Amino acid sequence: MYRLLLCICFTVFMVGCTEDKSATLSYEEVKKIMVDSIQTEEGKKAIRQLLEDPSFRELLVLEHDEVQTAMKDTLLSKEAEDFWKKTFEDPKFKETLAKSMQKQQEDIMKKLLKDAGYQEDLIKFFDQPEMQKQIESLLKGKELRKQMEEVVMETIENPLLQTKWQELIKKSGEASTKSEDEKSKDSGEDKGSSQ
C-alpha cells in the first residue's frame, strides 16, 4: 500500500510539474486534488489497472526470505519470549486460547480414536506393567476415594436430581409391594389348592 501511495503521489507531482510553474499549490490543495481524482471512476480504474499489473504486484508481495527473517526477528527474539511468557501467565488468555482450540482438539481426538494404529499404541501404553501399577495405585489412593465420595455426595444432594431420586424410590417401593402381594397371593392359592 505504501508503494501504491508513493506512485500516486509521484503521478500527482508530475502532473503538477507540467502545469503553470508560477502557481504553487498548498498541501491541502494537493491532498484535495488527489482524493478527488482517486474517487472518480477514472481514478478507480487506474488503480485497478495498476493492481492488476503483475510487475507492480510483485513489488507489493514480500519475498519469502524477508518474511522468514522478520518472523525470526520478532517471534524468536528475547522480547517476544518474555511477552509470550507473560501472556500465558494470564488465566483469561489461557482460557480464551483453550476455548478457541477446543473444537479442533475434539476433531483431532475423534480422528485419532478411529485410527487403528493409535488404538494399538494406546493399548500397548496401558498394558505396560509400570502403567498398570500406577493406575492401580491411583485407584486405591485415599485422594481418589475422597474425590469419588465428594462427587457421589454432590450428586445425591443435587436439587435437580433429588426429584428423580424420590421418583426412583417410589417406583422401587411400589414394585416391591406388588411383588410381595403377588407372592402372598401365590402362596394363598397354593395353600387353597393343597387342601
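The residues of the chain are indexed from 1 along the displayed sequence. All figures in this text were calculated on a predicted structure; none of them were measured in a lab.
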Does the distance from a Lys or Arg side-chain N to an Asp or Glu carboxylate O, for [X] and [Y], drop under 4.0 Å?
| X | Y | answer |
| --- | --- | --- |
| K170 | E174 | no |
| K99 | E95 | yes |
| K78 | D82 | yes |
| E136 | K140 | yes |

Item to complete: Would you check if K124 and E120 make a side-chain contact, meaning some heavy-atom pair closer than 4.5 Å?
Response: yes

Practice prompt. Could you go through the side chain to side chain contact (heavy atoms under 4.5 Å, CB included) check for E41 and K44 one step at a time?
Written response: CA-CA 5 Å; E41 284 303 315; K44 291 177 184 176; 4.2 Å; yes

Item to complete: Name all pairs fulfilling the side chain to side chain donor-acceptor pair (under 3.5 Å) condition that reach into residues 100-113, sequence neighbours left out, sorted by first residue then second.
Response: Q102-E106, K103-D107

Worksheet, complete the sentence: CD1 (I47) and NZ (K45) are apart, to the nearest 0.5 Å, by 13.5 Å

Worksheet item: Out of curiosity, Q132 CD to S137 OG, how far, rounded to the nearest 0.5 Å?
Response: 12.0 Å

Worksheet item: Is E143 atom CD crowded by more than 12 heavy atoms from other residues, nucleotides or ligands, each under 6.0 Å away?
Response: no

Worksheet item: Which residues pass the side chain to side chain donor-acceptor pair (under 3.5 Å) test with E149, sequence neighbours left out?
Response: none

Discussion item. Tell me if a side-chain donor or acceptor on Q39 pairs with a main-chain N or O of D36 at a distance below 3.5 Å.
Written reply: no

Discussion item. Using a 4.5 Å cut-off between side-chain heavy atoms of Ile, Leu, Val, Met, Phe, Trp and Tyr, which other residues end up in the same hydrophobic cluster as I135?
Written reply: I108, M109, L112, L113, Y118, L122, F125, F126, M131, L139, L144, M148

Worksheet entry | Derivation of the salt bridge (Lys or Arg N to Asp or Glu O under 4.0 Å) call for K85 and E81 | CA-CA 6 Å; K85 281 181 183 176; E81 187 179 329; 3.3 Å; yes

Worksheet item: Using 30° and 60° as the class limits, which term best fits the ring planes of F93 and F88: parallel, tilted or perpendicular?
Response: perpendicular

